[in-house]
Amino acid sequence: MIKLHGVALSNYYNSVKVALLEKDIPFEEVAQFPSQEPEVLSVSPMGKVPWIEMDGKCLSETNVIFDFLEEIHPEPSLYPADVFERAKAKEIARIVENYVDLPARRHIGTVYFGGPVDDVAFKEARPALEQGLKALSGVAKFAPYIAGDTFTYADIDAYFQIGFANLHSTKIYDWDITESIPGLGDYLAMLRERPSVAAVDGVMQEALANFLPK
Ligand SMILES: N[C@@H](CCC(=O)N[C@@H](CS)C(=O)NCC(=O)O)C(=O)O
């Protein structure tokens with residue numbers, strides 16, 4: 001059985017968990033914080049979570065895990081059937097990860113761990129996020145899903161990575177980024193109704209409520 005290593009506080013861990021639930025793949029959760037310890041680096045080269053373990057072999061990086069799950073368990077597919085549309089779904093996922101999650105993540109020391117606001121990050125992260133959101137608004141379809149008429153990995157990425165970024169933007173800039181793109185708020189609310197997303201999001205919200213500094 002697949003073991004999913006990570007914690008419910010992690011938006012990427014939750015992304016892989018939703019993919020496993022959507023595909024109805026049995027899995028076991030193993031609680032693990034990110035770490036630079038050699039034994040963690042030997043299975044997750046950047047020390048990040050999540051990673052999956054299967055038959056003693058480990059794989060990290062959420063989108064690589066998505067592709068692997070798709071190969072070993074093709075049905076139900078979480079990519080569009082058309083090869084170009086499939087690549088477009090991946091393009092959306094990369095934009096969400098690299099240009100929405102990552103700039104917001106610069107404030108994780110403040111938002112997750114109660115550290116002081118980093119002045120450089122304060123100046124740089126907001127324009128970077130604005131640029132990422134503008135890029136996203138150019139490719140998001142909301143028809144009704146982000147890459148078209150089917151639920152895909154891009155929706156999983158969008159739900160958890162935009163939610164993570166919004167937690168940071170509201171705390172640091174008092175800025176609700178879900179209002180930055182027409183239709184984004186309603187789209188995220190629609191995803192929250194989906195049983196797999198609702199279940200995983202519920203566990204994440206509880207973990208965040210217990211963990212985040214007040
Ligand atoms: N590119 C990675 C990102 C995963 C990631 O950033 N995980 C966070 C938790 S949400 C982490 O482990 N952070 C610790 C670190 O960056 O050292 C993926 O796609 O899985």
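Counting starts at 1 for both ligands and their atoms, following the listed order. Predicted model only: the values in this text are computed from it and were never measured.
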Q: Show me a pair-per-line table, with atom names and distances to 0.1 Å, of protein N or O atoms that are under 3.5 Å from an N or O of ligand 1.
A:
unit_1, atom_1, unit_2, atom_2, d
ligand 1, 1 (N), Glu61, OE1, 2.7
ligand 1, 7 (N), Val49, O, 2.8
ligand 1, 12 (O), Val49, N, 2.9
ligand 1, 16 (O), Lys48, NZ, 2.8
ligand 1, 19 (O), Glu61, OE1, 3.4
ligand 1, 19 (O), Thr62, N, 3.1
ligand 1, 19 (O), Thr62, OG1, 3.3
ligand 1, 20 (O), Thr62, N, 3.0
ligand 1, 20 (O), Thr62, OG1, 2.8

Q: Tell me which pairs pass ring-ring contact (aromatic ring centres under 6.0 Å, His included) where either residue lies in residues 85-105, with sequence neighbours left out.
A: none
Q: Could you tell me how the ring of Tyr112 sits relative to the ring of His168: parallel (under 30°), tilted (30 to 60°) or perpendicular (over 60°)?
A: parallel
Q: Taking only Lys NZ, Arg NE, NH1 and NH2, and the carboxylate oxygens of Asp or Glu, determine whether Arg94 and Glu91 approach each other closer than 4.0 Å.
A: no
Q: Name all residues meeting the side-chain hydrogen bond (donor to acceptor under 3.5 Å, both in side chains) criterion together with Lys48; count only those two or more places apart in sequence or in a different chain, and write none if there are none.
A: none
Q: Output every pair passing ring-ring contact (aromatic ring centres under 6.0 Å, His included) with a member in residues 54-85, not counting sequence neighbours, ordered by first then second residue.
A: Phe66-Tyr153, Tyr79-Tyr153
Q: Here's a test for you: under side-chain contact (heavy atoms from CB on, under 4.5 Å), which of Asp157, Ile162, Val96, Asn11 qualifies with Asp101?
A: Asn11
